[in-house]
Amino acid sequence: MAEESILSIEKLRLSYGELEVLKGVDFDLAKSELAFLIGPSGSGKSSLLRCCNRLEEPSAGRVIVDGEEVTAPGVNLNQLRRRIGMVFQSFNLYPHLTALGNVTLALRKVLKKSRVEADDIACSVLERVGLKDKAGSYPNALSGGQQQRVAIARALALEPAIMLFDEPTSALDPELVNDVLAVMRELRETGMTMLVVSHEMGFARSAADRVAFMEDGVIVEQGSAEQIFGDPNCDRTRAFVRQIAH
Amino acid sequence: MEQLIQQFFNVDLMIEAAPLLLQGLGTTLLLCLAVVPLGLAGGLGVALAGTSRMRWLRIATMVFVDFFRAIPPLVLLIFVYSGLPFAGVQLDPFSAVCIAFLLNNSAYYGEIFRAGIESIGGGQRLAARSTGLSAWQSMRYVVLPQATRNVLPDLMSNTVEVVKLTSLASVVSLQELLYSADMARSITYNASPIVLAALMYLALLWPMIRLVARFERRLGASAGI
Ligand SMILES: Nc1ncnc2c1ncn2[C@@H]1O[C@H](COP(=O)(O)OP(=O)(O)OP(=O)(O)O)[C@@H](O)[C@H]1O
Ligand SMILES: [Mg+2]
């Protein structure tokens with residue numbers, strides 16, 4: 001691949017005690033690429049994302065993000081992590097802080113920005129996700145879709161090289177899903193590199209450069225959305241796609 | 001009836017004893033100002049150690065907490081004040097009370113803080129760490145503020161208990177409220193000073209108890225219980 005690789009996962013393995021959940025995963029993501037990761041429950045999708053910023057400690061293999069090896073011993077993990085934005089299924093906003101406070105916390109404590117500077121950045125990022133007027137609201141006063149957009153803003157404010165999404169819309173009421181997808185689409189248009197665990201097939205068809213199917217701790221096959229959803233090579237992929245299409 | 005009032009509610013004697021008791025009250029307040037913050041700080045330390053990732057530290061903390069919850073505070077206090085001199089450690093009453101209370105209160109406040117920390121879901125810490133906050137920063141800025149708020153009523157009612165327990169200091173001759181009242185009683189041969197002391201405790205603690213009740217109701221309402 002001629003293009004610059006932002007994420008590179010090599011022979012990655014992860015175990016929880018006796019249980020091996022990642023069994024040698026290889027995966028690459030080029031700059032500005034948007035890849036979907038699909039697969040049955042328990043196949044290790046969330047675990048794979050959490051290995052990318054070492055929220056889980058892999059037992060073997062390497063992860064390289066934007067030229068820096070995350071899995072190398074002695075790396076400055078905290079400085080690396082803020083380059084890897086992460087968005088969770090259940091939003092995980094800090095309920096004791098306003099939307100603005102959620103976005104500014106890491107700006108101030110990790111990037112050591114002054115309050116004024118951090119507020120400035122946070123306001124412009126909240127504006128980008130369409131929530132400028134909600135800066136002073138606490139999470140419990142926001143809808144699920146708004147909360148998730150604040151969570152995206154919180155990651156975005158740190159100027160990540162890549163964004164990881166773990167089922168960002170699956171906890172949302174159907175009518176709120178589109179607000180979040182619209183933000184993700186805008187991110188893609190501005191060239192953000194994204195790895196998305198999600199079963200939003202419509203969004204995948206229209207926005208994903210690539211879809212990877214994962215099962216039982218390995219990536220079974222990958223290809224374009226058309227190919228994976230329409231004409232997969234592997235029977236297991238076919239069976240799974242048929243299942244989520246209903 | 002007349003005699004009963006004379007024995008317990010003799011206003012003249014109360015007025016006479018008031019300056020002494022107010023001085024005692026001052027000492028009690030001073031003591032609270034020392035032992036409550038000490039206990040809160042110690043309790044926070046105990047809670048952090050008790051939720052640490054290091055197994056040996058968690059076990060050591062558990063032993064500490066169990067031990068000092070099992071020892072009656074009065075036994076602990078007399079041991080620190082009258083027992084330690086046998087090991088060559090002679091403490092003035094105030095320091096002895098502070099040390100005994102630190103050990104006892106750290107265990108109790110620690111359990112409350114720990115329950116608070118454990119009430120915060122793992123997703124909060126994951127989110128914090130994913131933005132690059134260190135383990136300590138995640139604790140300090142994300143987990144602890146929420147944890148403390150969740151257990152505020154428990155922290156406050158434990159503080160009420162601690163204030164009441166400061167009366168134990170009278171047995172090591174610290175001239176706090178109870179000691180002063182008992183002194184006044186032995187001088188006057190009348191129980192009214194003790195009643196006055198009880199009224200002073202009541203005046204001190206009743207607002208706190210009301211406040212706890214209000215917090216509990218508000219927290220219960222916001223939790224939808
Ligand atoms: N912290 C943990 N401790 C032990 N086992 C875990 C832990 N987290 C996940 N697992 C197990 O690892 C396996 C993979 O889990 P993971 O959450 O990565 O799957 P997933 O593909 O994201 O599933 P889902 O679609 O349900 O989110 C599962 O069997 C799960 O039970
Ligand atoms: Mg998952």
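On a predicted model such as this, the values are computed, not experimentally measured, just so you know.
Heavy atoms closer than 4.5 Å to chain B are found nowhere in Pro160(A), neither backbone nor side chain. Residue Arg54(A): no heavy atom, backbone or side chain, is found under 4.5 Å from chain B. For Tyr94(A), the parts lying under 4.5 angstrom from a heavy atom of chain B are both the backbone and the side chain. Looking at Ile84(A), the atoms closer than 4.5 Å to chain B (heavy atoms on both sides) all sit in the backbone: N, CA, C or O. Only the backbone of Leu93(A) comes within contact range of chain B, with heavy atoms under 4.5 Å apart.
Within residues 132-140 of chain B, the residues having any heavy atom under 4.5 Å from a heavy atom of chain A are, by residue number, Gly132(B), Leu133(B), Ser134(B), Gln137(B). Contacts between residues 122-129 of chain B and chain A, counted as heavy-atom pairs separated by less than 4.5 Å, involve Gly123(B), Gln124(B), Leu126(B), Ala127(B), Ala128(B), Arg129(B).
If you take CG on Asn92(A) and OG1 on Thr131(B), they are separated by 11.5 Å, rounding to the nearest 0.5 Å.
Just one of Val87(A), Asn53(A), Leu158(A) meets the side-chain contact (heavy atoms from CB on, under 4.5 Å) condition when paired with Ser130(B); it is Asn53(A).
In the displayed structure, Gln23(B) atom CD is contacted under 6.0 Å by at most 12 heavy atoms of other residues, nucleotides or ligands. The 12-atom threshold is exceeded at CD of Glu69(A), counting heavy atoms of other residues, nucleotides or ligands nearer than 6.0 Å. Within 6.0 Å of the CZ atom in Arg214(B), the count of heavy atoms belonging to other residues, nucleotides or ligands does not exceed 12.
Contact count versus chain B (heavy atoms, under 4.5 Å) is highest, among Arg50(A), Met86(A), His96(A), for His96(A).
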